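The shown structure was predicted, so the numbers you read here are calculated from the model rather than taken from an experiment.
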Amino acid sequence: MSGREGGKKKPLKAPKKQNKDMDEDDMAFKQKQKEDQKAMEAMKAKASGKGPLASGGIKKSGKK
């Protein structure tokens, strides 16, 4: 029993996936995802310029 044989064995490499031909629906879906991603990035950039949304802290009532 040598020390090198213990432990997990490496899994076999999975074969590379073949590039399948995309039909028009897949192309339209990917294009829509890209546009949504760009819109989200634009909104993030716009929102990061402003201050915090909540004017945070503990709200106190007027009672003592």
Exercise. With sequence neighbours excluded, what pairs up with Q37 under the side chain to side chain donor-acceptor pair (under 3.5 Å) test?
Worked result: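 Testing Q37 for side chain to side chain donor-acceptor pair (under 3.5 Å), a comparison that skips the adjacent residues, returns E41.
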For this session: Apply the side chain to side chain contact (heavy atoms under 4.5 Å, CB included) test between E35 and each candidate in Q31, Q33, K38; give the one that qualifies.
Result: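 Single pass found, and it is Q31.
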Problem set entry | Derivation of the salt bridge (Lys or Arg N to Asp or Glu O under 4.0 Å) call for K30 and D26 | CA-CA 6 Å; K30 287 203 179 256; D26 290 339; over 6 Å; no
For this session: Enter the distance from K44:NZ to M40:CE here, rounded to the nearest 0.5 Å.
Result: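 So the gap between those two atoms works out to 5.5 Å.
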